[in-house]
Structures are given as structure tokens and as C-alpha cells.
Amino acid sequence: SKVIDHRNNGKELYVKCIPMQWPHNNVPGDCVFETWTTLEGPVIHMRYRCTNQRADKTQYRPCPQELPAVYTISKLWRLMSYTGDKPFANDALTHVKNDWRKPWPWTRFVATEGWAALVNDQDWGLGVFKEDGGEFHGGIHGDGRSEDPKHGSTAYVAPIHMENLDHNIVYEHRTEFVVGKLADIRQRCNAMAAKAPPAWRFVKDRQHWTMRDAADQGFPLRGEWRVKFGSKKPRLESPLRCWRADRAPTIDLEIAYQGQPTTARLFWKRLDDDRYDTKKSLTLDLNPDGQFRNYHLDLASSPEYHGLITGLALEPVSTPRPGEEIALRSVVVSSQASK
């Protein structure tokens, strides 16, 4: 990368650079990266910004993004996380394993407390925490267990979000890192975690939601996420987030729909059933007058709404309806049983 600005004021490190494109040699990206780094004891707070300036204005499909990709010495070879359905209850941790000899060497897993750590045999290492995350990839590459950072073996972990990255997007996110013993890493990450059910408000961005077989107004959003349908049945999908069904029995969606009368369908996934299907869904009749209305759903009315929920999807129409539109202002999962 070409560094174009950097500073250290004694409290914060700042770097601004033009990154190089991954699959090419010495081809700069049409964007600028910025990072802000601060220390708080053993906790490293990092804020990231990507400002896209892409000449190609095509609106591409959503793709997975590493936020960020973290590599350590291979001595920190044990990838540890909590992957069970009882987050924040001090339940047993999981050693996530992988086969680095496969064409895709890393393991995908759901870190239901929002963190993962690479540690040595004495449980010391580096934790990675993403407050709005849950999907992680990681593992060990190579047979070495070395303290040499130039050794061919390495350990890897990355929080992942699927994203639609616009040609002009200003994309910001935060990740925290904790250095220390595994028990302390978990304690500090869990202290930073937001344990309330998710509330997505589409004021200026998509809130990590993605669209499939549809197009929107692009970045920036102006108080609403307006999506136009194409030639196939559209779907809007939330990021992977974890919450217990018994603590969040309802949901409110602020929606405006323009088109013919339609019955939309809201789906959810569970940790034990990681797919969207009709069984795990509820319907809602959308008023087609184009005005914003609040739609309140009793999720707990479905016997399939139980355990640890890991995401939502909305299908506004059951068949293709090219040219019709839906706009969302908010999707709020609630602990309130009724309104």
C-alpha cells in the first residue's frame, strides 16, 4: 500500500493509504483506507474506513468481507471461541479445527458471543471481538508451531460480513483486540458485547443487510433503504446476529410498499438449523399505497421460533414483480411481548 498520511499524537495512531488490489501485482485500488488505533490496557480499539472511488459503477452482488483478516505466529495455533446456544453463561468453549490442506483451508463458524481467539498451549494469545458480528473464519495453516513471524506457518481468524460495496461507498466498521490469557480475553470481550436484541435503522447505510435479485438507490441512504425488484423474486437478508428467541418474542418493521397487493414473508435461521425455509417464517400483508407503516409480528406465535436465532430474511413478494419497490426505515427485534 502507498501511505499518504500518518500520525501519532501519543494517544492515537492514524494511517491513510491507497491499498493494492489482492489478485494483481502493483495495481492500486480505486479507494482509500484509513485506520485509527488506540490502546486501553490490553485492549486494542481499531476503527476502519474505506472510501470507494471506483470508476466502474456496476452494482455487484454481495460478497464476504474480512473485517479484518488477522494473522498471528503459528505458536498461537489453537483457535478458541464459544459456538454454543447459551452465550454469556460461561458455557464451555470450543476448539475450532480445520484442515489446511483442503482447497479452502479455513473453517467457517458462528461465534455466538462475537469473539474468537488464537492462543498457544498455555492459553495466551490474541482475541478478536466484533460487536455486530457472529460469523468468523479461521484456523492454522502449515504444520509449524513457531514464534518466528516470518515462518511459513501461520494462524488466521477473521470476522466476516456479507456486503454490497457501492462504487462510492464510505464503509466504516470497528473491531477490538485483546491480548492476554484466554479467560481474560473472554471476560473482556463479553463485557464489551451488546446483549440486547438487534435493532437495524437504515438512516445512512444498509446496516450490513444485503439484497439479492434486486437493486437499490446506492450509497448513501437518506433515511430509508429503497429497493426496486428485478426479473427474479427478491430477498433482503440481515447480517448474522445472535439472540435468544425467548428474550425477543416480537419484531417491528417500518415499511412502505409500492405495487400490487402482496403478502410478504419474514424468515429466520437458528443455530441448529442454519437455513431459511417456510417452516421458520411468518407472513405479513403489505399495504401497497407507498406510505410508511409499522408492521408488528408476534414471532413467539410460531413453534419454530425457539433457541438461538442467527438471522432474518424478508421476501416482499412470492413471485417476480419487476419494477415494484419496497422501502425500509427500520427492523427492530424486541423483548416486549406486545405493544
Side-chain angles (χ1 to χ4, degrees), residues 57 59-62 132 161-171 196-239 241 243 248-269 276 278 280-302 305 309 311-336 338-339:
K57 297 183 179 180
Q59 193 171 68
Y60 291 100
R61 63 178 176 83
D132 59 359
H161 271 312
M162 295 291 292
E163 297 288 0
N164 291 101
L165 291 181
D166 309 86
H167 71 95
N168 64 336
I169 197 170
V170 179
Y171 182 85
W200 295 284
R201 294 181 172 87
F202 306 100
V203 176
K204 61 180 181 179
D205 59 31
R206 300 182 186 93
Q207 298 283 283
H208 304 303
W209 282 63
T210 55
M211 55 190 170
R212 298 176 186 274
D213 299 316
D216 67 10
Q217 73 271 48
F219 181 87
L221 275 59
R222 294 177 173 86
E224 63 188 42
W225 183 23
R226 187 165 293 276
V227 179
K228 180 173 286 189
F229 308 157
S231 59
K232 299 180 180 180
K233 183 171 67 173
R235 172 180 283 183
L236 310 179
E237 293 188 8
S238 81
R241 290 288 300 275
W243 69 92
T250 67
I251 189 170
D252 287 275
L253 306 95
E254 194 174 2
I255 294 175
Y257 178 71
Q258 184 73 48
Q260 297 298 312
T262 184
T263 298
R265 186 173 291 275
L266 182 76
F267 300 84
W268 58 87
K269 295 188 294 185
Y276 294 119
T278 305
K280 302 188 298 300
S281 71
L282 291 173
T283 59
L284 57 155
D285 294 326
L286 299 182
N287 190 310
D289 64 0
Q291 302 299 310
F292 275 100
R293 301 175 185 277
N294 186 74
Y295 296 89
H296 182 75
L297 283 178
D298 181 10
L299 297 170
S301 66
S302 169
Y305 187 74
I309 309 301
L312 301 173
L314 179 67
E315 288 187 355
V317 293
S318 58
T319 58
R321 293 193 185 178
E324 294 191 4
E325 287 189 347
I326 190 172
L328 287 83
R329 282 182 178 163
S330 62
V331 177
V332 179
V333 183
S334 177
S335 59
Q336 302 298 316
S338 62
K339 292 183 69 70

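Keep in mind that what you see is a predicted model, and the values were worked out from it rather than measured. Index from 1, following the sequence.
- Proximity of a side-chain donor or acceptor of Glu325 to a complementary backbone N or O of Arg226 within less than 3.5 Å is not detected.
- Contact between Phe202 and Val331 at its shortest, heavy atoms only, is CE1-CG2, 4.0 Å.
- Annotation: side chain of Tyr257 is in contact with side chain of Val317 (closest heavy-atom distance under 4.5 Å).
- The side-chain heavy atoms of Pro62 and Arg212, taken from C-beta on, include a pair separated by under 4.5 Å.
- Of all non-hydrogen atoms in Arg201 and Val332, the two that sit nearest each other are NH2-CG2, 3.8 Å.
- Here the side chains of Leu299 and Thr250 are not in contact, with every heavy-atom distance at 4.5 Å or above.
- Asp285 and Thr263 share a side-chain donor-acceptor pair at under 3.5 Å.
- The distance from the CZ atom of Arg235 to the CZ atom of Arg265 is 11.0 Å, given to the nearest 0.5 Å.
- Looking only at side-chain heavy atoms (C-beta outward), Met162 and Glu237 stay at 4.5 Å or farther from each other.
- Side-chain contact between Pro239 and Trp209 is present, with heavy atoms from C-beta onward closer than 4.5 Å.
- Remark: Leu284 CG to Leu314 CG distance equals 6.5 Å, nearest 0.5 Å.
- Between Ile309 and Val333 there is no side-chain heavy-atom pair separated by less than 4.5 Å.
- Rounded to the nearest 0.5 angstrom, Thr210 OG1 and Leu165 CG are separated by 11.0 Å.
- Considering all non-hydrogen atoms of both residues, Gly290 and Gln258 come closest at CA-OE1, 3.4 Å.
- Looking at Asn168, its side chain does come within 3.5 Å of a backbone N or O of Phe219 through a donor-acceptor pair.
- Residue Phe229 forms a side chain to side chain contact (heavy atoms under 4.5 Å, CB included) with just one option from Pro320, Pro322, Pro316, and that option is Pro316.
- Of all heavy-atom pairs between His296 and Asp252, the closest is ND1-OD1, 2.9 Å.
- For the pair Lys269 and Tyr276, the cation sits on the ring face: its NZ or CZ lies under 6.0 Å from the ring centre, inside 45° of the axis.
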Before you tell me yes or no, could you show the steps for Arg206 and Asp166 under side chain to side chain contact (heavy atoms under 4.5 Å, CB included), namely the whole-Å CA-CA distance, both residues' side-chain angles and the distance that decides it to 0.1 Å? CA-CA 11 Å; Arg206 300 182 186 93; Asp166 309 86; 2.7 Å; yes
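- A donor-acceptor pair under 3.5 Å is absent between the side-chain atoms of Glu315 and the main chain of Phe267, judged by distance alone.
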For side chain to side chain contact (heavy atoms under 4.5 Å, CB included), just list the numbers for Leu282 and Ile251, CA-CA rounded to whole Å, side-chain angles, deciding distance to a tenth of an Å, and then say yes or no. CA-CA 11 Å; Leu282 291 173; Ile251 189 170; over 6 Å; no
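- His161 and His208 have parallel rings, their planes meeting at less than 30° on a 0 to 90° scale where 60° marks the start of perpendicular.
- Of the inter-residue distances, the one linking Thr262 atom OG1 with Glu324 atom CD reads 7.5 Å to the nearest 0.5 angstrom.
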Determine, step by step, whether Leu236 and Trp225 satisfy the side chain to side chain contact (heavy atoms under 4.5 Å, CB included) criterion, reporting the C-alpha distance in whole Å, the side-chain angles of both residues, the deciding distance to 0.1 Å, and the verdict. CA-CA 11 Å; Leu236 310 179; Trp225 183 23; 3.9 Å; yes
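- Scanning all heavy atoms of the two residues, the minimum distance from Gly223 to Arg329 falls at O-CG, 3.5 Å.
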One pair to check against side chain to side chain contact (heavy atoms under 4.5 Å, CB included): Leu286 and Ile326. What are the steps and the verdict? CA-CA 10 Å; Leu286 299 182; Ile326 190 172; 4.1 Å; yes
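- Looking only at atom types and distance, the side chain of Asp132 has no donor-acceptor partner in the side chain of Gln207 under 3.5 Å away.
- Taken to the nearest 0.5 Å, the CG atom of Leu253 stands 7.5 Å off from the OG atom of Ser330.
- Nearest heavy-atom pair, Asn164 versus Met211, reported as atom, atom and distance to 0.1 Å: OD1-N, 3.3 Å.
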